[in-house]
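Quick note on labels: first sequence line is chain A, next is B, and so on, each numbered from 1. These values consider heavy atoms only, across backbone and side chains, with no hydrogens, waters or symmetry-generated copies.
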Amino acid sequence: MCDTCGCNITPGNREFAYKPVNGTTAVAVLKSLLARNDDQAIHNRQHFDRQRLLTINLMSSPGSGKTALLEATIDALRNEYRIGVIEGDLETENDAKRIRAKGVPAHQITTGSACHLDAHMVHEALHQFPLAELDILFIENVGNLVCPASFDLGQHRNVVLLSVTEGDDKPAKYPVMFRAADLLLLSKSDLLPLLDDFSPARAEANLRNLASTVPVMQLAARKALGLQPWLDWLRSELAWQRARVDRGETVQPRLQADGAQLHEAAR
Amino acid sequence: MHELSLCQSLIDQVQQLALTHGAQSVGLVTLKIGPLSGVEPALMQHAYPFASAGTLAAESTLVIELAPLQVRCESCGAETEAEPSRLVCAACGGCHTQLVSGDEMLLMSVELITAEGSNHV
Ligand SMILES: Nc1nc2c(ncn2[C@@H]2O[C@H](COP(=O)(O)OP(=O)(O)OP(=O)(O)O)[C@@H](O)[C@H]2O)c(=O)[nH]1
Ligand SMILES: [Mg+2]
Ligand SMILES: [Zn+2]
Ligand SMILES: [Zn+2]
Ligand SMILES: [Zn+2]
Ligand SMILES: [Zn+2]
């Protein structure tokens with residue numbers, strides 16, 4: 001958070017640096033508790049930008065259809081882009097195997113007991129991955145609506161899936177996660193006719209209550225329904241990413257960038 | 001969210017600071033935590049003694065300042081209090097707002113203690 005915007009370097013803490021103290025002295029620090037992760041994430045983003053690739057972090061509860069979305073996306077974009085996937089799961093290589101079956105490079109991170117990916121785990125995976133041969137890298141985070149939102153991995157965009165069987169109140173119940181989304185996908189939309197209590201409009205209203213203005217799309221990856229807007233979103237994000245890299249700029253997910261700007265303004 | 005491991009990395013930062021300044025121990029360690037940070041203050045307090053045991057911060061006290069949840073409205077300009085699941089403007093009801101405060105998890109300051117008159121390296 002604050003290590004990326006530079007507001008942690010204040011006249012207050014600069015003057016204390018490397019000065020021995022006498023008696024009791026309070027030293028101002030102003031550092032995020034996740035400073036180490038955030039530094040690593042900046043480094044990861046440099047790896048991605050150097051290769052001109054777009055990196056997307058996919059987050060949702062377990063079983064919302066992240067891997068199914070990736071399978072459908074690979075099928076649809078096979079002749080257009082070179083795609084790679086980093087999979088995060090507590091256990092098993094299942095998801096990476098599903099992706100490799102599509103003929104696409106996949107690296108499985110098994111986190112053991114950690115219920116989220118962090119920037120260090122992703123960095124380790126990067127150095128065993130053919131980044132130079134890719135246009136889009138997807139990182140499928142561990143299925144979990146809580147902590148993955150707090151760990152910047154170096155991605156350019158966050159995509160959050162909410163499957164229609166989970167209930168339309170989830171944005172209100174997990175504001176930290178849904179606020180982090182640059183795009184919300186209402187997945188498994190083919191099941192909507194079977195459910196009498198999921199209202200896409202209510203799900204969107206709950207997201208708007210979090211002051212989020214990001215696009216909301218419905219799709220059913222398993223039935224290849226409603227994929228076009230999602231594929232177009234990816235195409236334009238990749239075009240923007242390449243244009244940015246050519247200008248020597250980079251981008252963080254909306255939320256972190258917003259926060260950094262606010263801190264800048266507050267100085 | 002992982003309050004014990006957050007406490008451990010907090011203690012790493014504090015310990016490093018104490019060593020850098022040649023301090024012998026640590027007094028108050030002050031954090032600022034917002035309701036949208038994902039960090040649970042009570043769990044931090046609970047985990048802190050376990051993380052600090054055996055370090056220069058073993059005798060220290062963790063102080064957690066709660067950051068208010070506040071938004072600034074892009075439509076009417078008001079700055080108002082909000083709820084985690086409703087970040088709308090309390091003045092006009094608009095939902096185009098920006099968070100002014102509430103997502104921070106910051107180490108604000110550390111009180112370092114060195115015996116008066118002792119030699120510093
Ligand atoms: N009806 C329907 N089922 C789907 C759709 N997409 C995924 N599913 C089913 O949902 C289940 C979970 O899908 P996955 O793609 O494995 O979900 P995931 O989010 O990758 O799961 P984790 O990685 O374990 O968190 C599977 O049984 C899928 O067949 C869809 O569009 N429609
Ligand atoms: Mg999966
Ligand atoms: Zn800042
Ligand atoms: Zn976790
Ligand atoms: Zn590296
Ligand atoms: Zn207003």
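The shortest side-chain heavy-atom distance between Ser109(B) and Val27(A) does not fall under the 4.5 Å cut-off. Here the side chains of Cys115(A) and His2(B) are in contact, with some heavy-atom distance below 4.5 Å. Residues Met108(B) and Val29(A) form no side-chain contact, since every pair of their non-hydrogen atoms from C-beta on lies 4.5 Å or further apart. For the pair Leu106(B)/Leu33(A), no side-chain contact is recorded, criterion being any heavy-atom separation below 4.5 Å from C-beta on. Between Arg179(A) and Asp103(B), the closest side-chain pair of non-hydrogen atoms falls below 4.5 Å. In this structure, the side chains of His96(B) and Thr213(A) come closer than 4.5 Å at one or more pairs of heavy atoms.
The environment of His46(B) atom NE2 is sparse: at most 12 non-hydrogen atoms of other residues, nucleotides or ligands sit within 6.0 angstrom. Heavy-atom neighbours of Glu93(A) CD from other residues, nucleotides or ligands within 6.0 Å: above the threshold of 12. The number of heavy-atom neighbours closer than 6.0 Å to CZ of Arg86(B), taken from other residues, nucleotides and ligands shown, is 12 or below. Summarising the local packing, CD of Glu74(B) is surrounded by more than 12 heavy atoms from other residues, nucleotides or ligands at distances under 6.0 Å. Around CD of Glu81(B), the count of heavy atoms belonging to other residues, nucleotides or ligands within 6.0 Å exceeds 12.
Of the listed residues (His116(A), Met177(A), Lys173(A)), the one with the most heavy-atom contacts under 4.5 Å to chain B is His116(A). The choice from Ala114(A), Pro175(A), Pro171(A) that makes the most heavy-atom pairs within less than 4.5 Å of chain B is Pro175(A).
Minimum heavy-atom separation, Ser150(A) to Ser37(B): OG-O, 3.8 Å. Residue Ser32(A) comes nearest to Gln13(B) through the heavy atom pair O-NE2, 3.3 Å, listed as atom of the first residue, atom of the second, then distance. Ala211(A) and Leu87(B) make their closest contact through CB-O, 4.0 Å (heavy atoms, listed as atom of the first residue, atom of the second, distance). Heavy atoms only, all atoms of each residue included: Val88(B) and Asn209(A) are closest at CG1-OD1, 3.7 Å.
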Side-chain polar contacts of residues 55-63 of chain A - donor-acceptor pairs under 3.5 angstrom, sequence neighbours left out - could you list them?
residue, atom, partner, partner atom, Å
Asn57(A), OD1, Asn141(A), ND2, 3.3
Asn57(A), ND2, Asn158(A), OD1, 3.1
Ser60(A), OG, Ser64(A), OG, 3.4
Ser60(A), OG, Lys66(A), NZ, 2.9
Ser61(A), OG, Glu166(A), OE1, 2.3

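The line from OG of Ser9(B) to CG of Leu34(A) is 7.0 Å long, rounded to the nearest 0.5 Å. Taking CG of Leu28(B) as the reference point, atom OG1 of Thr24(A) lies at 9.5 Å (rounded to 0.5 Å).
Contact of Leu17(B) with chain A is made through the side chain alone, with heavy-atom distances under 4.5 Å.
Between Arg36(A) and Asp12(B) there is no salt bridge, since none of the side-chain N atoms of the basic residue sits less than 4.0 Å from a carboxylate O of the acidic one.
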